[in-house]
Amino acid sequence: MQSVPSQAIRPLSLNASLSSSRLPFFSFSLPIFHKFKINPSIYNKSQKVPLFLTLRCCSSGSVTAKASSELRRNRDVQEPDEKVVALRRLFSKPGIGIDAYIIPSQDAHQSEFIAECYMRRAYISGFTGSAGTAVVTKDKAALWTDGRYFLQAEKQLSSSWILMRAGSLGVPTTSEWLNDVLSPGGRVGIDPFLFSHDAAKELKEAISKKNLELVYLYDLNLVDEIWKESRPKPPNNPIRVHDMKYTGLDVASKLSSLRAELVGTGASAIVISMLDEVAWLLNLRGSDVPHSPVMYAYLIVEVDGAKLFVDNSKVSKEVMDHLKNASVELRPYDSILYEIKRLAAQGAQLWLDTSSVNAAIVETYKSALDKYRSNHGSKGKIKNKRYDESNGLSEGPSGVYMRSPISLAKALKNPAELEGMQNCHLRDAAALAQFWCWLEEEIQNNVELTEVDVADKLLEFRAKKEGFLDTSFDTISGSGANGAIIHYRAERGSCSVVDPNKLFLLDSGAQYIDGTTDITRTVHFGEPTAREKECFTRVLKGHIALDQAVFPENTPGFVLDAFARSSLWKIGLDYRHGTGHGVGAALNVHEGPQSISYRYGNTTPLQKGMIVSNEPGYYEDHAFGIRIENLLHVQEINTPNRYGGIEYLGFEKLTFFPIQATIEHTPQQPSTMTSQPCTDDDCSMFTSKTPHFFKVILQETITHGILKFCEKIWKPMSSPVNLEVPSGAIWQVELTKITDEKAQLQNGWREFTEHYFLEFGLDIGFHIRSWSMTLVSIFGHGQ
């Protein structure tokens, strides 16, 4: 699924490249966390960046914001929106007194995926995409979203709303628009729990240029006031312990490393609000948020203790014992501000990542610190020995405002986490093989299937696999023009039928007990047009170019982004999204700080253990969409030279399912999706003849459905496929009786590794001879 890390998709947060990154000034002084050698004042100065990203616009002319009514011929007259009208009535209520109200996509934890009860922007606007910001004034309503959602927003917004295509030429940012439509002295209201402190500060500074005031409404959310009884209840799902065999590290070890960071930075405690960081640090998982195994909670880690702020009804005895063993106390979820005030009153020096911690928490802490310093004189000498001794401070606390060290530690997967990711991808690939076999047969039998039918069937196959928990995002099942909507969501009753004569894009993923998957395939069940073939081939070439990239250590992801776009650029094409995002291990399908994107400000280097997606694409509005996605694991590459004495890195594939570059029409007349051969870097390495898929077959029980799928993809093989096998490896495959002399390879049986690109130079052909669970006959051709 294409996305940038959650921090980067927030229209009102900092520039994506900065907000999703971790500044590279650190040393590897600890086994888990990386210490940042930066001055807090330097960090603060670096945050002064524009509110909105600069996105590429592939059209040749200027693009300006238009009301959604102008985009639909059947809507010439704007109709009043009852929800917006009700919201405006609250503007003049006592204690509110505002002229505009901003509704972001996020919850109090800056999450990308949120519980239904917090989907306030979707409720007020009708737009259900995961990224966007709504702004309502006394006479206007506008919604900003990025290029992934332009087409979706056009369809979902009523004529009362103005669609702002964020980043396009001629489209103002939210602050620019507010400065333009409001009179000087106007008041702009926000819920401070729903904005990171940095985002709120940036907004305040931007609108103050036109003498507008930002108003924090702590005590009520205006959308909730009109949502009333129909608003869904907050989630109350049980929390579970994530087993050590999946985490690879116990809670005590993680907390010990974090506390060493606290001491090193002069902080007495850190406030953690990102849900995946809380879950990872405590080896806990939940199900409060759709598609993400996290629970709504805050965590405060002190040098000598920790407190988890969570609804106690979610905590079982097993979880309680797990937390007690790590000396973690429980507190009510809603008591977080009380605890912040209490710590400040004791002179605590809190570490706050202001790019993720909400403005309500940060402003509460700063206000409480002001009171503390006022009560202890101008210098604010610390009278509390507990904090004086732990930090060695003699001056009053002011707070430590730095990036959270947990994000990077979480991104660097340990061996147990990587093993879980590999294992779940094997099971996922088997489910996909069953699914694609079923789908192709249904299409060939002229069975009418909607996009929702297809997504539901895929879920059915996945749900049968061991350890399956949930999808990792809403499946994107788009036929024809719907594939051009980058984050399209098919809905029963309004979705399309899968057309065998059009491209079909399927972007899906799953949450398993041991890992998280994300995969996109684009197929055609008939004869693709010459245009579709050319675009598909260029996307595939870009995918391969990035997959094979080798690069020096400390290389940030933006350096590699052009590898995936180069083939498209050669004919003047591009796509409006990043090329790769981080992925959690049995956690969020989108995580930072790493990314592969044209947003060049993200200087986070790709490091061993990180997982990223590789998903270039191309989209022709109202026609078709193409995207090819695998997940990759960053690993060290053994290069013959090491210029500068540094390591060189590359990728290992986690995704085992092949790319179906060849779709069979009939046994006699296959229809190819590629318009021209991939010469130097053979596309066949990535198609249905890949040893990755061979490994899936060997390690999974072969059902009748998978067997038929395999027969389909191997039938066109009339000549050997060049697969490079590593020298010195041994085949570890149980073979059926071999009667064909050609089965005896000159250099003995050899094991396929998890790499596509290896060096041995032996042509090997695969033919299915007989099957018994995981048994397969193989024969090879000598050189």
Side-chain angles (χ1 to χ4, degrees), residues 432-433 435-451 453-455 457-458 476-485 488 490 495-507 519-544 567-568 571 573 575 616-629 657-679 682-690 693 708-719 721:
L432 286 162
F435 162 78
W436 282 108
C437 173
W438 166 85
L439 179 58
E440 187 171 2
E441 285 193 352
E442 295 293 283
I443 295 295
Q444 289 176 349
N445 292 331
N446 297 317
V447 176
E448 185 175 282
L449 297 168
T450 68
E451 295 162 330
D453 293 333
V454 171
K457 191 65 176 183
L458 176 55
I476 300 170
S477 173
S479 178
N482 290 337
I485 304 174
Y488 172 70
C495 64
S496 298
V497 171
V498 176
D499 189 336
N501 297 311
K502 296 180 179 179
L503 284 173
F504 175 62
L505 186 153
L506 188 69
D507 188 346
I519 177 173
T520 308
R521 294 293 181 262
T522 304
V523 302
H524 200 296
F525 299 102
E527 179 63 34
T529 66
R531 173 68 169 177
E532 291 168 340
K533 287 181 181 181
E534 179 177 22
C535 294
F536 182 94
T537 302
R538 291 187 178 278
V539 171
L540 178 57
K541 283 185 172 182
H543 178 95
I544 294 172
S567 185
L568 288 166
I571 59 170
L573 299 180
Y575 48 94
Y618 175 69
Y619 313 89
E620 289 201 355
D621 290 355
H622 312 294
F624 63 84
I626 297 167
R627 186 161 64 251
I628 302 171
E629 176 186 17
F657 190 77
I659 297 168
Q660 292 184 309
T662 300
I663 301 175
E664 189 177 20
H665 241 342
T666 67
Q668 294 77 28
Q669 188 179 8
S671 170
T672 180
M673 279 286 288
T674 54
S675 63
Q676 52 185 302
C678 302
T679 53
D682 195 349
C683 289
S684 67
M685 296 291 189
F686 283 77
T687 60
S688 54
K689 304 137 183 127
T690 164
F693 189 62
K708 287 190 290 184
F709 176 82
C710 295
E711 289 173 341
K712 289 175 183 291
I713 64 175
W714 266 305
K715 275 180 183 177
M717 293 178 58
S718 57
S719 60
V721 177

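In this text, all values refer to a predicted model and were calculated from it rather than measured experimentally.
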Visitor: Check whether any side-chain N or O of H524 sits under 3.5 Å from a backbone N or O of F504 as a donor-acceptor pair, and report yes or no.
Guide: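 No; judged by distance alone, with no hydrogens or angles, the pair does not exist.
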
Visitor: CD1 of I628 to OH of Y618: how many Å apart, nearest 0.5 Å?
Guide: 14.5 Å

Visitor: Would you please name every residue forming a side-chain hydrogen bond (donor to acceptor under 3.5 Å, both in side chains) with K502, sequence neighbours left out?
Guide: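 Not a single residue meets the side-chain hydrogen bond (donor to acceptor under 3.5 Å, both in side chains) criterion with K502.
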
Visitor: Compare every heavy atom of T450 with every heavy atom of C495, then report the nearest pair and how far apart it is.
Guide: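 It is SG-CB, 3.7 Å.
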
Visitor: State, with a plain yes or no, whether a side-chain heavy atom of L506 is found less than 4.5 Å away from one of I519.
Guide: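 In short, these two side chains do not touch, never coming nearer than 4.5 Å.
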
Visitor: Which heavy atom in Y488 sits nearest to a heavy atom in S477, and how many Å separate them?
Guide: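 Closest pair (atom of Y488, atom of S477, distance): CE2-O, 3.2 Å.
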
Visitor: Between S479 (side chain only) and V498 (backbone N and O only), is there a donor and an acceptor less than 3.5 Å apart?
Guide: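 Checking the backbone N and O of V498 against the side chain of S479, no donor-acceptor pair under 3.5 Å is found.
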
Visitor: When rounded to the nearest 0.5 angstrom, what is the spacing between CG in D507 and OG1 in T522?
Guide: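 Interatomic distance, D507 CG to T522 OG1, rounded to 0.5 Å: 9.0 Å.
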
Visitor: Going by side-chain hydrogen bond (donor to acceptor under 3.5 Å, both in side chains), name the residues that satisfy it together with E442, two or more places apart in sequence or in a different chain.
Guide: none

Visitor: Would you mind reporting whether L439 and I443 have side-chain heavy atoms less than 4.5 Å apart?
Guide: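 Result yes, sub-4.5 Å side-chain heavy-atom pair found.
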
Visitor: Who passes side-chain contact (heavy atoms from CB on, under 4.5 Å) against A484, sequence neighbours left out?
Guide: L151, Y619

Visitor: Going by the side chain to side chain contact (heavy atoms under 4.5 Å, CB included) test, name the single residue among I659, I476, L505, I626 that passes it with T520.
Guide: L505

Visitor: Measure the CD-CG distance between E448 and N446 for me, rounded to the nearest 0.5 Å.
Guide: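 Between E448 CD and N446 CG, I get 10.5 Å after rounding to 0.5 Å.
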
Visitor: If I compare all heavy atoms of C535 with all of F624, which pair ends up nearest, and what's the gap?
Guide: SG-CZ, 4.1 Å

Visitor: Could you walk me through whether E534 and I571 pass the side chain to side chain contact (heavy atoms under 4.5 Å, CB included) test, one step at a time?
Guide: CA-CA 10 Å; E534 179 177 22; I571 59 170; 3.6 Å; yes

Visitor: Has R538 got a side-chain atom pairing as donor or acceptor with S567's backbone, closer than 3.5 angstrom?
Guide: yes

Visitor: Specify the closest pair of heavy atoms between E440 and F525, including all atoms of both residues, with the distance to one decimal.
Guide: CA-CE2, 4.3 Å

Visitor: Side chains of T537 and K541, heavy atoms from C-beta outward: is any pair under 4.5 Å?
Guide: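 Side-chain contact under 4.5 Å: yes.
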
Visitor: Would you say the side chain of E532 lies within less than 4.5 Å of the side chain of E620, judging by non-hydrogen atoms?
Guide: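 No - every pair of side-chain heavy atoms lies 4.5 Å or more apart.
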
Visitor: Quick check against the 3.5 Å criterion: does R521 have a side-chain atom that pairs as donor or acceptor with the backbone of R627?
Guide: no

